[in-house]
Protein chains: 2
Amino acid sequence: MTRPLTQTEENYLKAIYKANEKTKAAVNTNTIAAYMKTSAASVTDMMKKLAQKDLVIYERYKGARLSPTGSKTATSVIRKHRLWETFLVQKLGFSWEEVHEIAEELEHINSDKLITKLDEYLGFPKYDPHGDPIPSADGKFMLREQMILSQLDVDESGILVGVKNHETSFLSHLNNLNIALGTSILIKERSGFDKSLKVSVSKGAEVVLTDMVAKNLLIRKS
Amino acid sequence: MTRPLTQTEENYLKAIYKANEKTKAAVNTNTIAAYMKTSAASVTDMMKKLAQKDLVIYERYKGARLSPTGSKTATSVIRKHRLWETFLVQKLGFSWEEVHEIAEELEHINSDKLITKLDEYLGFPKYDPHGDPIPSADGKFMLREQMILSQLDVDESGILVGVKNHETSFLSHLNNLNIALGTSILIKERSGFDKSLKVSVSKGAEVVLTDMVAKNLLIRKS
DNA sequence: ATATATTTTTAGACAACCCTAAAAATATCT
DNA sequence: AGATATTTTTAGGGTTGTCTAAAAATATAT
Ligand SMILES: [Mn+2]
Ligand SMILES: [Mn+2]
Ligand SMILES: [Mn+2]
Ligand SMILES: [Mn+2]
């Protein structure tokens, strides 16, 4: 009797999931509204509806958290999103900055068998093209030791394993700098003035990274 | 300013397209309602809306035809449907009776680049897993000489190139008979009573096909 | 602690898509 | 042609998800 969720409902669940991924604290109506690019009034309506369906725990004026079911659903949508992104990049040859929007649509396709087969076809990838972990069918994330590039000292180096910012403009900027997942980055100098870094990329070209860029690069120390 | 069509609108256009594929005559409200599994009243509402948007030519009490734009849109949705079905069978290993429903969802994903790349990835297929022609990006169908198996005489043979019925139960029935696209079928006997055929399949096993089955098999004479 | 600012909810409305029942138009039969 | 049957449209209404504006609750500041 429990009919499948609408795309909108799935997107709300994902928004809450992402908003409190670490803290698991209740998420403000306004925060959800910002994620969903909608009005606070619409969020209130939807929270009532999702609470009704036991997908969120919601108390008026106190924000919303995901219920166990809601959390499972959100994780499953994220799994689908990241598997599709991986498909688009690895099989169809898209670049990492092009895939997010398309995956936003594909993630709502409703077929367990499809996702199982896609996962298999891709060789059971553990990370998507942005370095984000792909949850397994039972919702487990493969965590990884990682730190932010800005935290490295001069003469230390790391391998890029992920990005915190997923905007097209940021990813294109990295393309221009010849920085991709797997690229090794060695810190040569740090400016005392603006914290910008002179780094050498893949043991070759030296480039300058602003602190704003460095803060969005996730690396494994090497 | 012309926002993308909704899934429902696309499905209506496809319904009209399929209903008058050969004749191009105006399609009855009731016929569309049957295709869409909805009420005649809903169809009337939608026809007004689509006529407003210049996607159909509609005159009350006289049915609807697709406008050139509507026809282009319908063809593009069919192209997407059939490319996705091909992907599901050829790359993900689905069986031909499993893919239609999933493709009904995938066909609405909105990205020209995606379809271009998918087409290329699949090697520019001309026919889908059911033998239906895949229109090119500019809407051209690759037609083929074909006839219905029932039209063959005893001792004549043909290669299966398509099926007229796409129901899961029919396709599974063919699976059971070891009949797939490309299978060669030789007529051994025709019953004068019920027109059922004794045929030999792939130069091997003899099976009996009811006329109802034979009428739904499209073959190229061999 | 009271006033002010911010956040959230409620109220009322709209668009898309659907429904059933009744009315109107068209088609068929004798 | 006139009566009857069928098809189609209109009328009125429901749900989902959206919006703006006003009201209510909560948080912040003096
Ligand atoms: Mn993404
Ligand atoms: Mn990603
Ligand atoms: Mn199909
Ligand atoms: Mn098909």
Side-chain angles (χ1 to χ4, degrees), chain A residues 1-16 19-20 23 25-66 70 73-74 77 104-105 107-108 110, chain B residues 1-16 19-20 23 25-66 70 73-74 77 104-105 107-108 110:
Chain A
M1 300 305 90
T2 167
R3 62 166 85 345
L5 301 183
T6 66
Q7 295 198 185
T8 307
E9 289 170 326
E10 288 189 344
N11 285 334
Y12 271 98
L13 294 177
K14 212 174 48 154
I16 298 170
N20 73 353
T23 67
V27 184
N28 291 337
T29 300
N30 265 349
T31 307
I32 300 171
Y35 264 88
M36 293 296 297
K37 293 184 173 128
T38 188
S39 69
S42 301
V43 173
T44 300
D45 286 351
M46 182 57 90
M47 288 311 107
K48 286 183 191 163
K49 193 179 152 196
L50 293 177
Q52 186 70 39
K53 296 192 181 186
D54 280 319
L55 292 163
V56 308
I57 292 135
Y58 168 69
E59 236 182 307
R60 63 199 208 296
Y61 292 106
K62 299 204 169 168
R65 289 177 303 116
L66 293 175
T73 307
V77 175
E104 279 300 318
E105 299 191 44
E107 71 189 4
H108 302 293
N110 199 333
Chain B
M1 303 307 89
T2 166
R3 64 166 85 340
L5 302 182
T6 66
Q7 294 197 185
T8 309
E9 289 170 327
E10 288 188 346
N11 286 334
Y12 270 98
L13 294 177
K14 212 174 48 156
I16 298 170
N20 71 354
T23 67
V27 183
N28 291 338
T29 299
N30 265 350
T31 307
I32 300 171
Y35 264 88
M36 294 296 296
K37 293 182 174 128
T38 188
S39 70
S42 300
V43 173
T44 300
D45 285 352
M46 183 57 91
M47 288 311 108
K48 285 181 190 165
K49 192 180 152 196
L50 293 176
Q52 186 70 38
K53 296 193 181 187
D54 280 321
L55 292 163
V56 307
I57 293 135
Y58 167 71
E59 235 183 308
R60 62 200 209 295
Y61 292 105
K62 298 203 169 168
R65 290 178 303 115
L66 294 175
T73 306
V77 175
E104 279 299 320
E105 298 191 43
E107 72 189 1
H108 303 292
N110 198 335

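Every chain is numbered from 1 and lettered A, B, ... according to where its sequence line falls, protein lines coming before strand lines.
Considering all non-hydrogen atoms of both residues, A64(B) and I16(B) come closest at O-CG2, 4.1 Å. Closest non-hydrogen pair, K62(A) versus A26(A), comes out as O-CB, 3.4 Å.
Take the nearest nucleotide of DNA chain D for T38(A) and for K62(A): the residue whose nucleotide is more 5' is T38(A).
In the set dT8(C), dT8(D), dT18(D), the nucleotide with an atom closest to the side chain of N28(B) is dT8(D). For R60(A), counting side-chain heavy atoms from C-beta on, the closest listed nucleotide (dT18(D), dA11(D), dT9(C)) is dT9(C).
At dT9(C), one or more side-chain N or O atoms of T29(A) fall inside 4.0 Å of OP1 or OP2 (strictly under the cut-off). For the pair S39(B) and dC19(C), the criterion of a side-chain N or O lying under 4.0 Å from OP1 or OP2 is met. One finds a side-chain N or O of T44(A) lying less than 4.0 angstrom from the OP1 or OP2 phosphate oxygen of dT9(C). Between Y12(A) and dT18(D), a side-chain N or O to OP1/OP2 separation shorter than 4.0 Å is present. Phosphate contact (OP1/OP2 of dT8(C), side-chain N/O of N30(A), threshold under 4.0 Å): present. Phosphate contact (OP1/OP2 of dT16(D), side-chain N/O of T6(A), threshold under 4.0 Å): absent.
A donor-acceptor pair under 3.5 Å is formed between the side chain of N20(B) and the backbone N or O of A25(B). In this structure a side-chain-to-backbone donor-acceptor pair under 3.5 Å is missing from E10(B) to L5(B).
Following rounding to the nearest Å, K48(B) (NZ) and dC18(C) (P) show an atom-to-atom distance of 15 Å. Nucleotide dA15(C) holds its C1' atom 14 Å from the CD atom of Q52(B), rounded to whole Å. Remark: P of dC19(D) and CE of M36(A) are 10 Å apart, rounded to the nearest angstrom. When the C1' atom of dA24(D) is taken as reference, atom OH of Y61(A) falls 5 Å away, rounded to whole Å. Nucleotide dT15(D) holds its C1' atom 12 Å from the CD atom of E9(A), rounded to whole Å. Taking atom CG on L50(A) and atom C1' on dT16(D), their separation rounds to 12 Å, with Å as the unit. A straight line from CG of D45(A) to P of dT15(D) spans 14 Å, rounded to a whole angstrom. At whole-Å resolution of the value, NZ in K53(A) and C1' in dT15(D) are 11 Å apart.
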Step-by-step side chain to side chain contact (heavy atoms under 4.5 Å, CB included) determination, M36(B) to M46(B): CA-CA 11 Å; M36(B) 294 296 296; M46(B) 183 57 91; over 6 Å; no
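Residue contacts for S42(A): at a heavy-atom cut-off of 4.0 Å it reaches a base atom on one of the strands shown.
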